[in-house]
Asker: 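The structure's right below; bear with me while I get my questions together.
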Amino acid sequence: RYLAGCLDSILRQTHKNMEVICVNDGSTDCSQDILDAYAQKDGRIKVIVQDNNGMSAARNAGLACASGPFVSFVDADDTIEPDTYQCSLSFFRKDIDLVVFAANVLNDDVGEDQLSVKGGKLYHAVKYKGKKKLNNKLLIQMTSTVWNKIFRKSIIDAYGIRFPRGICFEDSAFLYAYASHCRNAFFIDQYFYNYIQHSASIMNKMYKKEGPMKVDRLKAVEYVYAHFKKYGLANRYKALLTHLFGLFLSFDYEYSRDELKQNVLEYATEMAFRFESIDFDYGLIEPLREKKYCHVFYLNIPVFRAGCES
């Protein structure tokens, strides 16, 4: 339904020197036919076909094949504006390792009042402009999606950064691991990415209390923490780690079914024992270890939800 429009928006880029890697992650519809037809018409397109292994596996497959100096990600149901790459790439300089732009959140069939639409428009609005140092405060406030950013392939390869498989919210894990090795980012105050909200989109589903216990956000924190520890960065990003652990715990708790909420808390307690106290604020780790959940700030203040409903 959306794939042809997505490909058209990429191929219409005013920046022509690029490779377009399309990964068919076990689709059962006509997506492969569409990809084959476009690949025959445009030699810049390379198609990878694999069994259904999820978003992370698809993106990792694309990264393994990418040969250019810069990398971007576009989901198959979204589009980008024609001058996205020409404008964004012009801001990469010796000390710029990440370029960020804003995103339009477009409603297809879910309704403007849906939390995923209202929250998305606030979250992806312009917040910064120009060159910025990627410190704790900025990383906490910036978007954690990867599709509204352009990355240096050399940094991705040098530090073995990949998307963790088997979880949602893999964007956060990838982004914070990458950002920890960046010098500066450049923020463009233009809406280059068109994020289409529809009933089958991940963002719309994440607010539904369905299925088994999901601690995907907490697993993303585990990935980030392991990466920071590996490269001796945990203490430098103590504020970010504390924020991610607390915020993602509140999300996983809030959007779990009532009978599974206690399981989420117990998983967080297990994490708190595995993590080193020195890498987090005392007010988060100790209450979790002691199971004094009423003392965990993030479980008492649903910041994101309140912001969306204001």
Side-chain angles (χ1 to χ4, degrees), residues 21 23 53-66 68-75 88 92 95-101 123 128 132-187 202 215-249 251-252 268 271-272 274-276 278-281 284:
I21 302 173
V23 182
N53 289 306
M55 177 73 80
S56 289
R59 286 174 170 173
N60 290 339
L63 284 173
C65 291
F70 303 103
V71 174
S72 74
F73 302 93
V74 183
D75 288 352
S88 298
F92 272 102
D95 62 342
I96 300 293
D97 295 321
L98 181 69
V99 169
V100 185
F101 38 85
Y123 185 64
Y128 299 98
K132 301 293 180 183
K133 183 73 175 177
L134 288 175
N135 53 31
N136 278 274
K137 181 180 179 181
L138 191 142
L139 288 172
I140 288 172
Q141 294 178 349
M142 70 184 286
T143 59
S144 61
T145 45
V146 298
W147 36 252
N148 64 326
K149 300 172 178 69
I150 298 183
F151 305 83
R152 285 191 188 274
K153 183 65 160 44
S154 58
I155 293 178
I156 294 172
D157 291 342
Y159 296 99
I161 303 169
R162 291 295 185 268
F163 293 90
R165 294 181 57 171
I167 67 170
C168 296
F169 308 101
E170 66 282 345
D171 282 33
S172 298
F174 182 94
L175 174 68
Y176 294 121
Y178 178 91
S180 67
H181 304 289
C182 293
R183 293 159 294 183
N184 300 288
F186 195 96
F187 290 80
I202 293 175
V215 289
D216 284 10
R217 298 173 184 85
L218 289 177
K219 290 182 178 179
V221 175
E222 291 178 305
Y223 176 92
V224 174
Y225 182 66
H227 187 88
F228 285 3
K229 292 297 287 184
K230 179 178 180 180
Y231 291 101
L233 299 168
N235 192 255
R236 179 191 303 178
Y237 293 104
K238 182 175 182 176
L240 174 63
L241 284 171
T242 301
H243 175 78
L244 289 180
F245 193 2
L247 184 66
F248 285 8
L249 167 58
F251 274 134
D252 281 347
M271 290 174 61
R274 284 187 274 112
F275 290 170
E276 293 187 42
I278 194 174
D279 297 325
F280 297 84
D281 288 346
L284 175 63

Asker: How close do P164 and S56 get, heavy atom to heavy atom, and via which atoms?
Answerer: O-OG, 2.6 Å

Asker: Tell me whether the rings of F73 and F174 are parallel (<30°), tilted (30 to 60°) or perpendicular (>60°).
Answerer: perpendicular

Asker: As an exercise, state the distance from CZ of R183 to CD1 of I155, rounded to the nearest 0.5 Å.
Answerer: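 That separation rounds to 6.5 Å.
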
Asker: Looking only at heavy atoms, what is the nearest atom pair of S144 and L175, with distance?
Answerer: CA-CD2, 3.3 Å

Asker: What orientation do F187 and Y128 show, parallel under 30°, tilted 30 to 60°, or perpendicular over 60°?
Answerer: tilted

Asker: If you draw a 6.0 Å radius around NZ in K230, do more than 12 non-hydrogen atoms from other residues or ligands fall strictly inside?
Answerer: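 Check fails, neighbour count at 12 or below.
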
Asker: If you round to the nearest 0.5 Å, how far is NE2 of H181 from CG of D97?
Answerer: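 If I round to the nearest 0.5 Å, the distance is 11.0 Å.
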
Asker: Do the non-hydrogen side-chain atoms of D279 and K238 ever get within less than 4.5 Å of each other?
Answerer: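 Result no, sub-4.5 Å side-chain heavy-atom pair not found.
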
Asker: For the CG atom of D216 and the CD atom of E170, what is their distance to the nearest 0.5 Å?
Answerer: 8.5 Å

Asker: Looking only at non-hydrogen atoms, find the nearest pair between V23 and G62 and report the distance.
Answerer: CG2-N, 4.1 Å

Asker: Roughly how far, to the nearest 0.5 Å, is the OH atom of Y176 from the CZ atom of F228?
Answerer: 9.0 Å

Asker: Answer yes or no: does atom NZ of K229 have more than 12 heavy-atom neighbours from other residues, nucleotides or ligands under 6.0 Å?
Answerer: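 It does: K229 NZ has more than 12 such atoms within range.
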
Asker: Shortest non-hydrogen contact from V224 to S172?
Answerer: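 In this case the closest contact between V224 and S172 is CG2-O, 4.1 Å.
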
Asker: Classify the ring geometry between H227 and Y231 as parallel (under 30°), tilted (30 to 60°) or perpendicular (over 60°).
Answerer: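 Ring orientation of H227 relative to Y231: tilted.
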
Asker: Taking the side chain as everything from C-beta on, heavy atoms only, tell me whether M271 gets closer than 4.5 Å to L249.
Answerer: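 In short, these two side chains do not touch, never coming nearer than 4.5 Å.
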
Asker: Find out whether F151 and L98 are in side-chain contact, i.e. whether some heavy atom of one side chain is under 4.5 Å from a heavy atom of the other.
Answerer: yes

Asker: Is the distance between the ring centroids of F248 and F169 under 6.0 Å?
Answerer: no

Asker: Please report the closest heavy-atom contact between L218 and D252, naming both atoms and the distance.
Answerer: N-OD2, 3.1 Å

Asker: Is Y237 close to N136 at the side-chain level, that is, under 4.5 Å between some pair of heavy atoms?
Answerer: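 In short, these two side chains touch, coming nearer than 4.5 Å.
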
Asker: D75 vs M55, test: side chain to side chain contact (heavy atoms under 4.5 Å, CB included). Steps then yes/no.
Answerer: CA-CA 9 Å; D75 288 352; M55 177 73 80; 3.9 Å; yes

Asker: How long is the span from the CG atom in D281 to the CG atom in L241, to the nearest 0.5 Å?
Answerer: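 Reported to 0.5 Å precision, the distance equals 10.0 Å.
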
Asker: Side-chain contact, heavy-atom cut-off 4.5 Å: P69 with K153?
Answerer: no

Asker: Would R59 and V71 count as a side chain to side chain contact (heavy atoms under 4.5 Å, CB included) here? Give the steps.
Answerer: CA-CA 11 Å; R59 286 174 170 173; V71 174; over 6 Å; no

Asker: Side chain to side chain contact (heavy atoms under 4.5 Å, CB included) between F275 and F245: does it pass, once the steps are laid out?
Answerer: CA-CA 11 Å; F275 290 170; F245 193 2; 3.8 Å; yes

Asker: For A179 and L139, which heavy atoms make the closest approach, and how far apart are they?
Answerer: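 Looking at all heavy atoms of both residues, the closest pair is CB-CD2, 3.6 Å.
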
Asker: Would you call the rings of F70 and F92 parallel, tilted or perpendicular, taking 30° and 60° as the class edges?
Answerer: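 Rings of F70 and F92: tilted, as their planes differ by 30° to 60°.
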
Asker: Say you draw a straight line from CD1 of I167 to OH of Y223; how long is it, rounded to the nearest 0.5 Å?
Answerer: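 Rounded to the nearest 0.5 Å, the CD1-OH separation comes out at 9.5 Å.
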
Asker: List the steps and the verdict of side chain to side chain contact (heavy atoms under 4.5 Å, CB included) for R217 and L247.
Answerer: CA-CA 9 Å; R217 298 173 184 85; L247 184 66; over 6 Å; no

